[in-house]
Amino acid sequence: MSKQTILTNGRVYDPMNGIDGEIKDICISDGKIVERVDGSAKKIDLKGRLVMAGGVDMHSHIVGSKVGVGRAMCPEDHRKDPVPKTKHTRSGVGYTMPSSYVIGYRYSSMGYTTVIEPALPALKGLGSWEELEDLPNLDSGLLPLFCNSMITFNYVKEGDPSGLAAYIAWILQKVGGLGVKVVNPGGTYAWAHGVDLRDPDGEIPGWDISPREVTRGLCQAVESLGLPHMMHFHPNNLGRVGNIETTIAQLDSIRDIKGHGGREHIAHLTHMSFETLGSVEGAGTDWGDLASGGLEFAKYFNKNKHFTADMGQITFGPATTMTGDGPFEFYLWQLTGGKWANIAVDVELAGGAGIVPYTYSPKAAGNSVQWAIPLEFALNVDDVWRCIMSTDHPNAGPFTKYPLVMSWLMSKKQRDTWMEGMHKFAHERSTLPTIEREWSLYEIAISTRAAPAKILGLEATKGHLGVGADADVSVYDVDTTKVDFAKDPDRIIKTFSTSYLTFHHGQQMAKKGKVNASVNGKVWSVHPELNESLWTRINKELEVMMNDWYSHSFYNYPVPERYRAPLEQKIPVDSTSVPA
Amino acid sequence: MTEDSGMKENIVCPFCGCLCDDIALSVVGNQITDNKNGCSISQAKFLNHHDDRLAMDSSVEELVKKAAEIIVKSKRLLVYGLSSTENDAHREAYKIAEEVGGVVDNTSSVCHGPTILGTQESGESIAALAETRHRADLVIYWGSNPQFAHPRHMSRYVRADGLFIKDGKKDRKIWVVDVRKTISAGVADKFVKINPGSDLEIISALRAIARGKILDVEEVGGLSINELTELVEAMKNAKYGVLFFGLGLTQSKGRHRNIDAAIRLIQDLNYDSKWSMMPMRGHYNVAGANKTSTWQTGYPYAVDYARGYPRYQPGEYTAVDMLVRGEPDAVLNIAADPAAHFPRAAVKHLAGIPVINLDPKQNMTSLLAKVNIQTAISGIECDGAAVRMDGLPLYLKKVVDPPEGVLPDRDVLRMIYDEVRRLKK
Amino acid sequence: MSRVGVEALLTSGRTLKQGRAMELGKLGPEYLKEVAICEMDKVTLEALGLDEGDPVCVETLHGSVLVTSKIDRRAEPGIVFIPCGPYANAVTGSDTENTGMPDFKGVSAQIFGAKGEKVLNVKELLKQIMEGA
Ligand code: SF4
Ligand SMILES: [Zn+2]
């Protein structure tokens, strides 16, 4: 017997299907949205409550080695936020780096159902798969890093795009990855040689190639393989005053790359708070010279349509910065003087990923301007389908602050209130105070559901409520015809902090914020199928390189089936056209 | 069932934190007859896995029942051990502790617990073994005797040739810092003998000198200021340095303060050069125990579930302290031998309370345990995942079948958990 | 037992043979041979009037234990070594100073010759601890 539910009288916001606040019924059968259900279906009358597809977070650091190191080295982060076990759920702790179960539960209670981990050192893939088994109630995916790997450099240097594409295909298959992540290409590697490489046209020590060439090579490889998700990109020179120039230069350098099957977007740019720092005209690149680059970047974004971007919105208060950009974290540590961890990762991230706890203060000049950047950007873009709300959890703030971010986007009143006590630079060095625009609920639904699903290439089943979609549904306890969110920002926060109901694959996960299920979701992996001769070649070449360069065997590199089978959802891709 | 006879290659050795994954075994029938590449400890582990197994006085099902009864009756359960079993067993153990509001601690509290405390003060610049082999031109072992405790550490990762260190024997310098001239000191390029208990002073002095401070003393911990200055110069002049440190640093006077100081020294050296560090993890999966505990509870060890959520406090919820206080009224011990490795006062309390002991082999703890359950050896008789000392996860393979009726730790723990749930209803 | 002792710092740690012996059987004679020993320099042994292999009694604030003496050619006077295991732990303190870690290294000890006395095996040692001796 199939399990059927019908949610009646919901006010539905479903941008992928062009639905903007219509009263509709949602029919669920066997975990899928269907046309109709029979009379035996369980009926829930939503009485006009707000309905959206389950939230899709395409960039949130939820598992893996650096999250683990961060948690372990910061007990003070979790102590004040204990989460007791309940009849249905396991215990744990929260705050900027919650324990695995609590991550799942907190997303559930906010109405999110899909979350992607955007930075996996591929050789540590096994650990992440294990951890995902203890991270319930979400569908997920992992984006392996390819940007500082000697194997990548080797193929770029040799001018062998097929080899590079095949290496990516091999890793995605053997480790189980959803896409390609690029972080400070070449720069992290250079740092292992003691070289501070932030110029995209500089030389990666010993390889006679530049970050620009690596970026282009990887971007081209993703398109030639035809991966569903484009290159997920964190450029060089992150977190430095004036780096908007580098960011734009790097985006320019890939603009001519042809999207697979004519697709428009070939890169997804991460976290504006750190990538588009401007500087006061005529000034230098000291922190005192910082100005928002949000508007300037929005103009570039509106003109150049080959990429999408996420906000990485700073939320103020405690955060933990963690990135594959080791040298950036070393730099940040010199500013904070507190804890700093660096994790060297063999051949793939020789310089290392870094972790530095950080508290953003609205009273601090730099932080307040950084806060203004993504908002200024998001409120000036002409296409919200390319602009994703995120906090780069836990880098700019924990994901639990999303409702606060929504309130800034949706309410000028809220922005004004927050800017009252803020450092004057936020006023003087951004145009934010003059921006009137307020995002609509429809735009919120685009930016937190439809668009990320599309950018990830998961739009067939995620991010919408049309027939055939997974029955991931979030219901919020509000009648949108009776409230004016822009005038009542507290109501925004209250509404989106805890869903009224969250369904994942048709199963109820949470009710009124209380999580009442703890079940494993799916983990996507992309399986690009290569032609046989290329597959044979890459296996041979990788065996040699891995056995020379790694400290463990080529044969022990793949993540065994036994850890993947219970969760894995394979996405086959026909990449046989990549020449051998 | 495992496949039949033949050569099995790329097997991971489940003994020490090196997790060497180049072991080649000859298997005839269900018998391992040869171990290629393994060190002498690895030989003993693989070739004698059948010997000296833990005796069970009834069926596993009966013993599981007994264990569950003890657990349900107890008011303050201590779950301990975990570092010599694979990750899935840890995850089951935490579930039991959570279910009954017990405490769970792993053996890192008596090995590299202080290292973790040090990182909680300062962070850590963590090294990787492949990087060490390729790049390190200066390697320091401090309070660690790898030739004995990690027999292939030097040959596989440090003396071996690397990409940028063409000749691992000539182009790389190895120092050993210790209170006594160990066998490792004998094969090093330089032995720095220090006074016992003076690690903290020496590291602090090195750091001060590295920062250009003038010290108004003639010697520190047995080393003259000149010697110390020379060490600092050499460390700064190294292109890529790695500090490996052992229990000589964590277990001696100063404990976590030693580590904190070392972390700060290594961090500072990154202004002039590249430096990172790595604890020489002893048991093959103690790093894994920290990792699994951290993702499930937020904390790497010393976790108490009494309030229904994890709380963390070394010194309170660490096994030795718990036992010395006489707090636990039952112990579930998994893959460890606390009776042999804890101080007398702790063992005395252990001997007076019901102990449930899961282990493949007999040991001192099994002598005093009330319930002994023999389990399969991870990485030989069952599969699983473990974490190398540098954080690399590796898959342990099942090579031969366990003795008849013997199950992996994870299965026994799952059975105990189910039985506890049943009894509690 | 001789009443003239030698003062030394007791330290412990792993040895290759102890590691190997653990895998051969933690209650067996091999293990006993590798962990129920105290390594010291030749001078110290001579000062005690002993030959290598004679039993010694190691006494600390926390207890005493009988082990077999052994010469370590690299050792110097002032430091003696017992491989980690039940014998070393029988004489180490249990105060962890709130870290979880007892003082395994650098305990001050007195070493006495104990010719003619018998080194307990693991089972006997455990019994002794349980009985609180
Ligand atoms: S060094 Fe350690 S892991 Fe390697 S073979 Fe020897 S005991 Fe096994
Ligand atoms: Zn990120």
Side-chain angles (χ1 to χ4, degrees), chain A residues 63 65 67-69 71-79 82-85 90-93 97-102 123-127 130-131 133-134 191-194 206 330 333 338-347 350 352 355-356 548-553 555-556 559-560 562-563, chain B residues 9-10 12 19 21-22 87-88 91 95 98-99 116 119-135 156-157 163-164 239-240 267 270-271 273-274 276 290-300 305 307-312 383 385 387-388 390-395:
Chain A
V63 289
S65 122
V67 181
V69 171
R71 284 180 187 124
M73 81 179 205
C74 298
E76 70 281 4
D77 179 75
H78 342 301
R79 270 195 214 285
V83 180
K85 77 176 165 93
R90 299 284 303 273
S91 70
V93 292
M97 294 167 285
S99 56
S100 61
Y101 287 97
V102 173
L123 85 165
K124 293 186 178 174
L126 170 57
E130 289 180 271
E131 201 171 334
E133 212 183 343
D134 286 340
W191 196 49
H193 290 253
F330 178 61
W333 171 64
K339 299 185 203 186
W340 163 55
N342 186 69
I343 315 166
V345 185
D346 288 5
V347 171
I355 305 165
V356 172
D548 272 2
W549 290 345
Y550 287 80
S551 54
H552 67 303
S553 161
Y555 292 99
N556 286 325
V559 177
R562 118 141 162 75
Y563 291 89
Chain B
E9 290 181 325
N10 306 307
V12 179
L19 283 181
D21 74 327
D22 61 345
N87 290 348
D88 284 346
R91 297 163 65 220
K95 247 167 100 178
E98 182 187 56
E99 179 63 29
I116 294 167
T119 66
Q120 290 172 350
E121 284 298 315
S122 302
E124 186 184 4
S125 173
I126 304 167
L129 288 171
E131 285 305 290
T132 303
R133 173 159 65 87
H134 290 314
R135 295 173 193 271
R156 240 167 98 76
Y157 307 116
L163 198 59
F164 307 108
K239 271 213 192 90
Y240 193 106
Q267 286 173 332
N270 278 282
Y271 287 108
S273 168
K274 290 297 297 176
S276 51
N290 293 139
K291 223 164 137 173
T292 52
S293 175
T294 301
W295 87 54
Q296 280 212 3
T297 73
Y299 308 113
Y305 281 106
R307 298 222 174 134
Y309 53 79
R311 289 187 300 167
Y312 165 70
D383 72 346
V387 181
R388 204 169 69 178
D390 61 350
L392 181 79
L394 281 163
Y395 178 58

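Each chain gets a letter, A, B and so on, in the order its sequence line appears, and its residues count up from 1. Computed from heavy atoms alone, side chains included, the values below leave out hydrogens, waters and symmetry copies. Predicted model, so just to flag it, every value in this text is computed and none were measured.
Contact check on A:Glu133 versus B:Arg91 returns a salt bridge, with a Lys/Arg side-chain nitrogen under 4.0 Å from an Asp/Glu carboxylate oxygen. Electrostatic pairing of A:Arg90 and B:Glu98 counts as a salt bridge here, judged by a charged N lying under 4.0 Å from a carboxylate O. A:Asp134 has no carboxylate O lying under 4.0 Å from a charged side-chain N of B:Lys95, or vice versa, which leaves the two without a salt bridge.
Contacts between B:Arg311 and chain A at a heavy-atom distance below 4.5 Å are absent for every atom of the residue. Using a 4.5 Å cut-off between heavy atoms, B:Tyr305 touches chain A through its side chain atoms alone. At a 4.5 Å heavy-atom cutoff, the contact between B:Lys274 and chain A is made by side-chain atoms alone. Residue contact with chain A, scored on non-hydrogen atoms closer than 4.5 Å, involves the backbone and the side chain of B:Asn270 alike. Only the side chain of B:Leu163 has a heavy atom closer than 4.5 Å to any heavy atom of chain A. For B:Pro300, the part lying under 4.5 angstrom from a heavy atom of chain A is the side chain only. Contacts of B:Glu124 with chain A are made by backbone atoms alone, with heavy-atom separations under 4.5 Å and no side-chain atom involved. Heavy atoms closer than 4.5 Å to chain A are found in both the backbone and the side chain of B:Thr119.
Residue with the most contacts toward chain A among B:Leu19, B:Ile116, B:Thr294: B:Thr294 (heavy-atom pairs, distance under 4.5 Å). No other option in A:Ala192, A:Gly338, A:Pro98 has as many heavy-atom pairs under 4.5 Å with chain B as A:Ala192. Highest contact tally toward chain A, considering only B:Tyr157, B:Tyr309, B:Phe164, B:Tyr271, is held by B:Tyr309 [criterion: heavy-atom pairs under 4.5 Å]. Interface check for chain A: of the options B:Thr132, B:Asp22, B:Thr292, B:Asp88, the most heavy-atom pairs under 4.5 Å are formed by B:Asp88. Chain B forms more heavy-atom pairs under 4.5 Å with one residue of A:Asn556, A:Ile343, A:Val83, A:Val559 than with any other, namely A:Asn556.
Remark: A:Arg79 engages A:Pro75, B:Tyr299, B:Tyr312, B:Gln313 in a side chain to side chain contact (heavy atoms under 4.5 Å, CB included) (not counting sequence neighbours).
Distance alone, capped at 3.5 Å, places no donor-acceptor pair between the B:Arg135 side chain and the B:Lys239 backbone.
Residue A:Ser99 comes nearest to B:Gln296 through the heavy atom pair CB-O, 3.5 Å, listed as atom of the first residue, atom of the second, then distance.
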